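Note sheet for the following structure.
Just so it is clear, the model here is predicted, and its values are computed rather than measured. In what follows, every chain begins at residue 1, and chains take the letters A, B, ... in the order their sequences are listed.
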2 protein chains.
Amino acid sequence: MSAHAKTSGEGIRAVARKLLEQQSLDRVSMQAVADAVGVRAPSLYKRFSSRADLLNAVAGDALRELQCSLEKAVRPGSPYRSLVRMAAAYRAFAKNNPHAYSLFFDESPPSPNGDPLLEARLAPAATLFQILSEAIGDEEALLAARTLVAFLHGFVSMELGNAFHFGGDINAAFRFGLAAILDALLASGNKTRSHSRDR
Amino acid sequence: MSAHAKTSGEGIRAVARKLLEQQSLDRVSMQAVADAVGVRAPSLYKRFSSRADLLNAVAGDALRELQCSLEKAVRPGSPYRSLVRMAAAYRAFAKNNPHAYSLFFDESPPSPNGDPLLEARLAPAATLFQILSEAIGDEEALLAARTLVAFLHGFVSMELGNAFHFGGDINAAFRFGLAAILDALLASGNKTRSHSRDR
DNA sequence: ACCTGAACACCGTTCAAGT
DNA sequence: ACCTGAACACCGTTCAAGT
């Protein structure tokens, strides 16, 4: 790096991430990021080819963070407990990083060289799939993973968007829905025992 | 209306809706809408106080359309079939109106006079709640409705965002998840019979 | 009453020119 | 090698001026 390098890719991403969470997506303008970094907007294009590129990098950082917290939730040998803890970690991440979370599901424009976030997006799904595979086998694990992740994403994105209009205890609703789904999914692979207290 | 009224609120909404679905959200600029209507951008502000206001109106139109198709899916006396048909109608609407659908869950900035879309947003949830209420009683209906709508929203929004990365049959995944959830939810209110063929 | 051109304060992005 | 000012083509929005 040359003597007068005021920016690094990481520094820019961190600043953009902070702006994103403390303000909102449309406040993350190249000018605002540049100001916060102490540079002029055109300089950012030395590191990121576009605003979309920068936002993708931020989303990647956040996705890896999420993946890390999902992995910590795993309890080997206890699929049911692992899934409950992963679900809680997923929801907690979304609540603590609402704007980054909604970045995950932004339809990125079809990039020529494929989705640069693909790897980061795959990891959480793969972790979930693996746990479910242990519990109910490979065959139904994909279907089960899609059911569970659809519920998780739907629930937290509605929660973040204030889309639960009828009051009531949202935490209780999450526990209720999660328990209903996990019971249904795990029962399909093992119809003989209750999973509310496996091992 | 005066002799030279080139615009009506409805006409503008229809044009904006068409631009939204045929192009994308960021192509719905006031200038693009104005061009398509045959007028200059500032004229639109006679009917809508802002772009956000116009988009809210478009979202309201689409929500009422969705509600209409949900109501048609109801089969009185058959909660399970009604719910399956409503789920299919919900997903079909999202697939046929992807950009309008994603407008539903855009975090609208907290408006001073409350959410102008609140009524339109409430109706679908209320319809679902009513069906579930018949099936399992008021007490669990709210929890069940939230579980189901979280799954539905999560599934279709992932589908629209191409977030199912592992291939496979997406239709089958939807049927699988829906069946698992409906069985779990309806069983909780009536533990003695299967709901896969209620009259 | 409706529409318009001109203007304002912003965007993202490019690029020749500085050091 | 990095940074910058100036410029371009856009935005949303306001408003005085036209008919």
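- Between Arg40(A) and dG5(D), a side-chain N or O to OP1/OP2 separation shorter than 4.0 Å is present.
- Side-chain contact check for Asn56(A) versus Leu103(A): every heavy-atom pair is 4.5 Å or farther apart.
- If you measure from atom CG of Leu44(B) to atom P of dG12(D), you get 10 Å, rounded to the nearest angstrom.
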Strand DNA chain C in bracket notation, Watson-Crick/G-U under 3.5 Å with | for pairs to another chain: ||.|||||...|||||.||
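- Rounded to whole angstrom, the span from the CG atom of Leu55(A) across to the P atom of dG12(C) amounts to 9 Å.
- Straight-line distance from the CZ atom of Arg51(B) to the C1' atom of dC11(C): 13 Å, rounded to whole Å.
- Considering only the side chain of Arg47(B), dC2(C) comes nearest among dG12(D), dG12(C), dC2(C).
- Among dC3(D), dT13(D), dC3(C), the nucleotide with an atom closest to any side-chain atom of Lys46(B) is dC3(C).
- Checked options Leu178(A), Leu185(A), Leu128(A); the residue passing with Leu83(A) is Leu128(A) (criterion: side-chain contact (heavy atoms from CB on, under 4.5 Å)).
- Thr127(B) and Gln67(B) are linked by a side-chain donor-acceptor pair at a separation below 3.5 angstrom, with hydrogens and angles left out of the test.
- The pair Asp61(A)-Arg17(A) fails the salt-bridge criterion, with no side-chain N (NZ, NE, NH1 or NH2) lying under 4.0 Å from an Asp/Glu carboxylate O.
- Annotation: side chain of Lys72(B) is not in contact with side chain of Ser69(B) (no heavy-atom distance under 4.5 Å).
- Of the possible donor and acceptor atoms, one in the side chain of His99(B) sits under 3.5 Å from a partner among the backbone N and O of Leu20(B).
- Dashed line: the shortest gap from a side-chain N or O of Thr7(A) to OP1 or OP2 of dC3(D) is under 4.0 Å.
- Here the two rings, on Tyr90(A) and Phe93(A), have centers that are 6.0 Å apart or farther.
- Contacts of residues 15-38 of chain A with DNA chain D (heavy atom under 4.0 Å): none.
- In the hydrophobic cluster analysis, where Ile, Leu, Val, Met, Phe, Trp and Tyr join through side-chain heavy atoms closer than 4.5 angstrom, Phe48(A) is grouped apart from Leu63(A).
- Between dT4(C) and Ser43(B), a contact under 4.0 Å exists linking OP1 or OP2 to a side-chain N or O.
- If you take CG on Leu186(B) and CD on Glu140(B), they are separated by 10.5 Å, rounding to the nearest 0.5 Å.
- You'll find that the side chain of Pro42(A) is closest to dC15(C), out of dC15(C), dT13(D), dG5(C).
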